[in-house]
Amino acid sequence: MSEAAATPPAPLDFIREMIAADLAAGHNGGQVVTRFPPEPNGYLHIGHAKSICLNFGLAQEHAPNARCHLRFDDTNPTKEEVEYVDSIMADVKWLGFDWGEHLFYASDYFEKLYQFAEQLITKGLAYVDDQTQEEMRANRGTVTSPGTRSACADRSVEENLDLFRRMRAGEFKEGEKVLRAKIDMASKNMHLRDPALYRILHAHHHRTGDAWCIYPMYDYAHPLSDALESITHSLCTLEFEIHRPLYEWLINNIDGLPGQPYQREFARLNLTYTVMSKRKLLRLVKEDLVNGWDDPRMPTISGLRRRGITAAAIRSFCKTIGLTKFNSLTEIALLEHAIREDLNKISHRAYGVLRPIKVVLTNYPEDLVEHFEAANHPEDPAAGTRQVPLCRELYIESDDFMELPSDGFHRLKPGGEVRLKFAFCIICQDVIKDDAGNIIELRCTYDDTTRHGKKPEGRTKPKGIIHWVSARHAIDAPVRLYDRLFTVETPDADAGEDGDFTQFLNAASLEVIPNAKLEPSLKAAAPGTHWQFERVAYFYADPIDSKPGAPVFNRTVTLKDGWVKK
RNA sequence: UGCCUCAUGGUGUAAUGGUAACACAGCAGAUUCUGAAUCUGUUAUUCAAGGUUCAAAUCCUUGUGAGGCAACCA
């Protein structure tokens, strides 16, 4: 029995199968060249992570005969900004991928793209159209009826060339002229009804400045950029499937392309309880419905990062969801599982009491302070230990006490006993209330025979083990509890055609606890570190708002809670 | 009233004409100085109807449902 037989190889998705077949057939000289081509008009989100993991992952899997390019699809200067370029590069790097020398911009190809357009005109495959946008739309026909070709389609090559050059020279106003491919106005595929190739935009471009006033359309620039970079496999999402014939038309009709890429499509990621379109995310930011692109509730890479989600968790998640053409809706639980799995491994444990209730140990000396040794990680002795101070007055989680306990509740109750983790057991003797009847303090006694490590004879162990902090030593720190951004699984779909998805925003998606009681060692928590507050949740010391000695914590994800109240 | 694509447990995926499986979620138990983690067990699946075949999730036909397509956006 061989090792290989014991562990079958992971099954290939349809894209990887296709690439394996290309390689087996000896295509592309054994090279695999992919690209991740974002438009710098917004921040990357977890849907992009799926594409990044695919494209860069393919390059890693086929190394050294492979590479993945990062290319900015910056063909629309009216929407694009350098802020987005910078954030995209930072996010890709943070996710753990490297484009090496292969950083490109579609705008780098403007001159070549222009020459290819002249080639198309010369071949009689493109013409300058004078129709207005409205006329073009009207003449395009409908999905069930053919369109009508513009009278301009009959212009001579010479006239088209002259007009196109004058478009470039800036002789015309925006909307006055457009370069169109001459394909088929009766095609069932609307994208083949003489699609626009170039439009006039007297706009300042973030890289080319004012050098150009005509800009190529995505459908034109994308396949040619792929070909210019000798991309072998151009992978995009399903909505571009219908663009494929146009992609191929361009590749086949332009001479002098160094590469012959082909496009294939996969389903984009949809996640429950969030929205994923850049347009909607932009709206959340612009209308201050969240605190910027990196708000920890956002599905953006920067938001997830700031919430405390690790790159490893995102990569693992992307592996789990697979790759198909099925338009799926992935439960957020799958992501949460990937997050907990990684955080459980890397997070040191500490005590934090979010909603404190004071406990007085009536039989504990007033002036005594003891330190108990606590493990930093239960499954990793190498993580070491720390000393946690304890005195007569403590805080415990108010959830860990019930005056009228429900069935199966095995934390603290009147007359009941629990263990203070790593310390000793206590019994609740008295419940002190204020005039309004609110519990303000618990009077307890501790049992010295139950100290950590001791095993007293003939004594039943309490089922409940709770965390605690010393009232005298606790530090106060702000803790932000993040929850899902929306109250419904599919805010998009539920809002309908003309509905507003913001109506489903979760009003309780952020709760700030200004003064959580934390064990003193947490005072030194470095910004950008991951913690598990035992029995509560995973937290992340906010990298921006934390100051030396004054950390601010973001709740990344709660611990799974297996206890269901009966 | 057109064209393109898709359809496997609650969710995401695998099975490439030959025993429908894995992960998540759920449930039950073991274990535990975290009601976590870990371990064990378990519930639940091929959109429908025909056809081809010794044999169909897989191939064919017809339905049904979902998504996409008529920017000078990407």
Side-chain angles (χ1 to χ4, degrees), chain A residues 10-14 17 37-39 41-42 73-76 78-80 129 131-133 136-138 140-145 147 174-180 187-191 193 195-201 214-215 217-219 221-222 236-245 265 267 269 272 278-279 317 320-338 340-341 344-345 349 351 374-375 378-379 408-411 419-425 450 452-453 461-467 532-538 558-564:
Chain A
L12 299 182
D13 55 70
F14 76 105
E17 272 180 1
E39 181 188 17
N41 68 341
D73 227 328
D74 54 351
T75 57
N76 185 353
T78 64
K79 288 188 176 176
E80 297 150 7
D129 198 352
Q131 290 185 112
T132 64
Q133 210 167 143
M136 270 183 64
R137 182 162 43 236
R140 190 154 28 230
T142 70
V143 289
T144 53
S145 59
E174 285 185 16
E176 230 176 299
K177 300 234 177 320
V178 59
L179 183 74
R180 288 230 256 174
S187 174
K188 303 265 191 205
N189 184 338
M190 300 299 286
H191 294 273
R193 318 248 266 223
L197 267 22
Y198 268 90
R199 78 286 216 188
I200 297 168
L201 248 28
I214 57 171
Y215 290 91
M217 302 288 292
Y218 163 87
D219 276 326
H222 202 89
C236 59
T237 47
L238 246 28
E239 66 269 29
F240 294 104
E241 200 160 31
I242 197 108
H243 298 237
R244 194 152 106 197
E265 312 81 14
L269 171 67
T272 54
K278 277 190 191 172
R279 210 188 86 245
F317 170 71
T320 302
I321 57 175
L323 197 72
T324 66
K325 300 185 78 165
F326 176 62
N327 206 295
S328 60
L329 176 65
T330 300
E331 287 181 348
I332 195 80
L334 244 51
L335 210 211
E336 290 177 348
H337 170 75
R340 291 188 183 108
E341 193 175 45
N344 179 48
K345 279 186 301 195
R349 315 288 133 122
Y351 293 156
E379 289 154 16
F409 180 81
H410 50 247
R411 278 110 84 168
R419 170 172 286 285
L420 299 182
K421 190 170 181 189
F422 292 129
F424 39 58
C425 296
T450 60
H452 183 51
K461 303 198 284 188
K463 275 188 180 169
I465 299 158
I466 64 172
H467 58 104
Q532 185 200 97
F533 292 1
E534 284 203 43
R535 303 205 314 123
V536 179
Y538 291 99
T558 60
L559 256 31
K560 269 184 73 173
D561 188 359
W563 184 59
V564 282

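So you know, we letter chains A, B, ... as the sequences are listed, proteins then strands, and number each from 1.
At the phosphate of B:C33, OP1 or OP2 sits under 4.0 Å from a side-chain N or O atom of A:K461. In this model, the phosphate group of B:U1 is not approached by any side-chain N or O of A:T144 to a distance below 4.0 Å at OP1 or OP2.
Here the P atom of nucleotide B:U11 and the CG atom of A:L335 are 18 Å apart, to the nearest Å. In this structure, the CZ atom of A:F317 is 15 Å from the P atom of B:U11, given to the nearest Å. A:L334 has its CG atom 16 Å from the P atom of B:G10, to the nearest Å. Going from atom NZ of A:K421 over to atom P of B:U32 covers 14 Å, rounded to whole Å. Regarding A:E265, its CD atom lies at a distance of 10 Å from the P atom of B:U5, rounded to whole Å.
Going from the P atom of B:C22 to that of B:G41 covers 11 Å, rounded to whole Å. Straight-line distance between the P atoms of B:A14 and B:A7: roughly 10 Å, to the nearest whole Å. B:C47 sits 7 Å from B:G9 when the P atoms are compared, rounded to a whole Å. Using atom C1' as the reference point in both B:G10 and B:U46, the two lie 16 Å apart (nearest Å). Nucleotides B:A44 and B:U53 are separated by 35 Å at their P atoms, to the nearest Å. Using C1' as the reference atom, B:U58 and B:G17 are 7 Å apart when rounded to the nearest Å.
Helical stems involving RNA chain B, defined as 3 or more consecutive Watson-Crick or G-U pairs under 3.5 Å, span B:2-7 with B:64-69, B:10-13 with B:21-24, B:26-30 with B:38-42, B:47-51 with B:59-63.
For A:T330, taking side-chain heavy atoms from C-beta onward, the closest of the listed nucleotides B:G12, B:C6, B:G35 is B:G12.
A salt bridge links A:E265 with A:R244; the closest basic N to acidic carboxylate O contact falls under 4.0 Å. With salt bridges taken as basic N to acidic carboxylate O contacts below 4.0 Å, one links A:E241 and A:K325.
In terms of position along RNA chain B, the nucleotide closest to A:L329 lies nearer the 5' end than the nucleotide closest to the other residue of the pair A:L329 and A:I466. Both A:A333 and A:F14 lie close to RNA chain B; mapped to their nearest nucleotides by heavy-atom distance, the more 5′-ward contact belongs to A:F14.
Anti is the classification of B:A30, since its glycosidic angle lies more than 90° from 0.
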What does the B/S/- profile of nucleotides 65-74 of chain B look like, 5' to 3', with a 4.0 Å heavy-atom cutoff to protein?
--SBSBSBBB

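The one candidate from A:H467, A:H452, A:E534 that meets the side chain to side chain contact (heavy atoms under 4.5 Å, CB included) condition with A:K421 is A:E534.
By the 4.5 Å heavy-atom criterion applied to side chains, A:P195 and A:M217 are not counted as neighbours.
Among the heavy atoms of the strands lying under 4.0 Å from A:F422 is at least one base atom, whether or not backbone atoms are also near.
Across A:A221 and A:T75, no two heavy atoms sit closer than the pair CB-CG2, 3.8 Å.
A:R535 contributes no side-chain N or O that forms a donor-acceptor pair with the base of B:G35 under 3.5 Å.
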For nucleotides 36-38 of chain B, list the nitrogen or oxygen atoms of the protein found under 3.5 Å from its nitrogen or oxygen atoms, one pair per line.
residue	atom	partner	partner atom	Å
B:A37	O2'	A:N344	ND2	3.1
B:A37	O2'	A:E379	OE2	3.1

